[in-house]
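Notes to accompany the following structure.
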Amino acid sequence: MPPKALPGFRDFYPAEYAVRAHIIETWRRIARRYACTEYDGPPLEPLELYTQKSGDEIVGQLYNFEDKGGRAVAMRPEMTPTFARMVAARAQALRKPVRWFSVPQLFRYERQQKGRLREHFQLNVDIVGESDVLADAELLSIAIEICRDFGLDRSDFYARVSDRRLLNALLGHLKIHPDAWAAVYAVLDKLERQPRDVSAQKLETAGLDAAARDAVLGFGAIDSVDALRAAFGESADVRVHLDRFAEYANHLQALGVGEFLRLDLTIVRGLAYYTGIVFELFDAHGEFRAICGGGRYDNLLQALGGVDLPSLGFGMGDVVLGELLKARGKLAEVGTPVADVWLVPSESTAIAHLLAVASVLRRADVSVEYPLSAEKLHARKSGAQLKDAQKAGARLALVFRDDTLAEVVALAGASTDAERSVLDTADWLTAVNTSAVLAPVLTALGR
RNA sequence: GUGGCCGUAGCUCAAUCGGUUAGAGCACCGGAUUGUGGUUCCGGGGGUUGCGGGUUCAAUUCCCGUCGGUCACCCCA
């Protein structure tokens, strides 16, 4: 037995590859709809690119090693550092705002679990050079429109959105010392998954008084700007951020995706680098992990690339998304590519004729298959060959009756012989450049 | 890195209390038949029961280890 694929890595057989291609093609199509352009970087990077942002402890979660030149390198676990380097290097020359996307394969050395492997494909969309909330609305609408294009609607998923600036203003209003904010973030992040008394205990340990603790624990129940305004609107510091969030919501409404938006102060997105609006897309049934996450990180390019530009972006992986689409029956139409036409010769059809026809069709971009065995071509009865064509998934069969006649037989679906038509092959063989071959086939294919 | 559960054919599963040659469906390959349609019928290839060790007259079955899968924690994309 040859070695299997490594733990957490996937073999993509045609059926699985078709799903992967469907997902990635949809990502590309929608990103381009928003005038984003595609880029890529190296899958292998200097280890330092990741440790300078996240510290040495991240090394335990990376595929890293020393190359033959003695360099410490790592398979990329995320795209943002590469992106930041690329943008920073040409920051002066790039037209702003930059709207770029990429579909890198990313690697992470972690024990696999539901929705998380050691390798995945992730759409990254980033906008650089614009601090207005219009950019934030644009970004989230891309993620939502992608999910809509996969056939998901509000009953399948929604966006949970918070804002670091708003949350910080709230914490400040509650007189919580900035030193405790990180601890509060950690509690909010787990508010749903952790018993309430455990959360309360952690907040108390962080130094919050009873009133502040209750307020923070109550954040989970606030799911709208109006509710937040009612509770904290008297604070001018908070109101500034509430107004901006309301404007953001209005933009999303006008972009046609307002129904997916839900304010949720428990969305934290890690503890690092985000500085403004942050969001995650969740399936509405709560069965899966977040299918997408992102937000604004206005200081990251400064930290990674030495260029001070406001930025925002999101990542969407193929694993959880694929699980969700499968669970909701949105992959039923995704099939492996098959032949357009299957050639079935009669006993008297010369192989050279068959091949000439195949050539003409293929040069017209029609995919053609036939048995790759002279024995089968001539020994198998046409009925058996049609069965072969059917099983192979061909859309049409071109059945030669004798040396001069052939028929186009529709195989796809449950259709009968409605689309069957008889052709005169003499024209093909004497003048293969004419449309005599192509027209009936292309018509039957609907081209 | 920690813990729970699970490893039988390509896939889904079966095999009495530990008992004789580990079976079935699907899939695949060949054939018959439908002289041109997914049917039906016959046949075939496929397994070191994940791997290693132990207990036993006898292990797919019980025990230990290991590898793999899966789920959760940690952490995060």
Side-chain angles (χ1 to χ4, degrees), chain A residues 1 3-11 13 15-16 50 53-55 57-62 75-81 83 102 104-124 185-186 189-190 193-194 198 268-274 278 280-281 287-295 297 313-321 323 342 344-347 373 375-376 379-402 405-422:
Chain A
M1 279 266 285
K4 297 176 63 175
L6 290 168
F9 285 78
R10 297 170 286 176
D11 286 328
Y13 286 84
E16 290 92 51
Y50 306 110
K53 171 189 149 194
S54 309
E57 60 275 15
I58 197 177
V59 174
Q61 298 170 17
L62 295 179
M75 308 276 281
R76 59 185 174 195
E78 58 170 328
M79 199 58 181
T80 304
F83 171 78
S102 189
Q105 187 175 24
L106 304 178
F107 305 88
R108 201 98 176 184
Y109 197 88
E110 282 186 324
R111 210 160 151 174
Q112 65 170 313
Q113 51 185 294
K114 184 178 174 65
R116 295 185 72 172
L117 307 174
R118 286 182 169 178
E119 144 276 320
H120 72 149
F121 293 88
Q122 186 188 67
L123 169 68
N124 278 251
Y185 280 9
D189 187 36
K190 297 190 185 209
R193 290 163 282 156
Q194 184 169 265
V198 174
V268 172
R269 304 273 321 133
L271 301 176
Y273 71 72
Y274 286 103
V278 292
E280 293 187 347
L281 263 46
E287 295 173 35
F288 303 98
R289 294 167 184 281
I291 54 184
C292 170
Y297 44 87
F314 72 78
M316 182 186 294
D318 71 309
V319 180
V320 177
L321 178 62
E323 289 174 352
W342 186 281
V344 179
S346 72
E347 290 176 15
S373 148
E375 185 186 353
K376 280 185 184 169
R380 274 174 87 74
K381 293 180 178 175
S382 56
Q385 294 205 41
L386 271 173
K387 193 177 290 183
D388 293 340
Q390 197 93 54
K391 288 167 76 173
R395 295 178 59 191
L396 301 175
L398 195 56
V399 182
F400 291 70
R401 189 175 285 289
D402 55 36
L405 292 174
E407 286 177 323
V408 176
V409 179
L411 299 172
S415 64
T416 55
D417 5 278
E419 297 179 35
R420 181 185 300 187
S421 64
V422 181

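Numbered from 1 within each chain, the chains take letters A, B, ... in sequence-line order. These figures come from a predicted structure and were not determined experimentally.
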How long is the span from the CZ atom in A/F314 to the CD atom in A/E280, to the nearest 0.5 Å? 13.0 Å

Check: A/F83 and A/S102 side chains under 4.5 Å, non-hydrogen atoms: no

Roughly, in whole Å, what's the span from OH in A/Y50 to C1' in B/A77? 12 Å

What's the gap between B/U66 and B/C29 when it is taken at their P atoms, as a whole Å value? 42 Å

Test side chain to side chain donor-acceptor pair (under 3.5 Å) applied to A/Q61 - qualifying residues, sequence neighbours left out: A/R108

Excluding sequence neighbours, so at least two apart, what forms side chain to side chain contact (heavy atoms under 4.5 Å, CB included) with A/V319? A/R10, A/L117, A/H120, A/E323

For B/C26 and B/C42, measure between their P atoms and round to the nearest Å. 11 Å

If we take the P atom in both B/G50 and B/U12, what is their distance in whole Å? 14 Å

Tell me: CG of A/D189 to C1' of B/A77, nearest whole Å? 13 Å

In dot-bracket form, 5' to 3', how is RNA chain B paired? Count Watson-Crick and G-U wobble pairs only if both distances fall under 3.5 Å, and write | where the partner sits on another strand. (((((((..((((.....[...)))).(((((.......))))).....(((((..]....))))))))))))....

At a cut-off of 3.5 Å, list every protein nitrogen or oxygen paired with a nitrogen or oxygen from nucleotides 28-31 of chain B, distance to 0.1 Å.
residue : atom : partner : partner atom : Å
B/G30   : OP1  : A/K376  : NZ           : 3.1
B/G31   : OP2  : A/R380  : NH1          : 3.2

Could you tell me which residues satisfy side chain to side chain contact (heavy atoms under 4.5 Å, CB included) with A/F9, sequence neighbours excluded, listed by chain and number? A/L6, A/Y63, A/F107, A/R118, A/E119

Write down the distance separating the P atoms in B/C64 and B/A27, rounded off to the nearest Å. 41 Å

B/G4 to B/G43 separation - C1' atoms, rounded to the nearest Å: 47 Å

What integer distance in Å separates A/R269:CZ from B/C75:P? 15 Å

What integer distance in Å separates A/H120:NE2 from B/A77:P? 11 Å

Hey, what are the protein-to-nucleotides 7-13 of chain B N/O distances that come in under 3.5 Å?
none

What integer number of Å spans the C1' atoms of B/A14 and B/U60? 11 Å

Nearest-Å distance once atom P is located in both B/G31 and B/U36: 15 Å

Residue whose nearest RNA chain B nucleotide is more 5′ - A/R118 or A/A384: A/A384

P-based separation of B/A24 from B/U70 [nearest Å]: 30 Å

Working to the nearest 0.5 Å, report the span between CE of A/M316 and CD1 of A/I291. 6.0 Å

Any donor-acceptor N/O pair, A/D189 side chain to A/V268 backbone, under 3.5 Å: no

Output the rounded distance in Å from CG (A/L62) to C1' (B/C75). 12 Å

Report the residues that fulfil salt bridge (Lys or Arg N to Asp or Glu O under 4.0 Å) with A/R76, sequence neighbours left out, ordered by chain and then residue number. A/D40

Residues that A/K387 engages under side chain to side chain contact (heavy atoms under 4.5 Å, CB included), provided they are two or more places apart: A/K391

Can you measure A/K387 atom NZ to B/U34 atom C1' for me and round it to whole angstrom units? 8 Å

Does any N or O in the side chain of A/R289 come within less than 3.5 Å of the main-chain N or O of A/K114, such that one atom is a donor and the other an acceptor? yes

Side chain to side chain contact (heavy atoms under 4.5 Å, CB included) with A/R111: which residues, sequence neighbours excluded? none

Drop me the distance from A/Q385's CD to A/W342's CH2, to the nearest 0.5 angstrom. 8.0 Å

For the atom pair OH (A/Y273) and OG1 (A/T80), what is the distance rounded to the nearest 0.5 Å? 4.5 Å

Surrounding OH of A/Y109 (heavy atoms of other residues, nucleotides or ligands, distance under 6.0 Å), is the total greater than 12? no

Within this structure, what is the CG-CG distance for the pair A/N124 and A/L106, rounded to the nearest 0.5 Å? 6.5 Å

Once each nucleotide of nucleotides 68-74 of chain B is scored for protein heavy atoms under 4.0 Å, what B/S/- sequence comes out, 5' to 3'? SSBSSBB

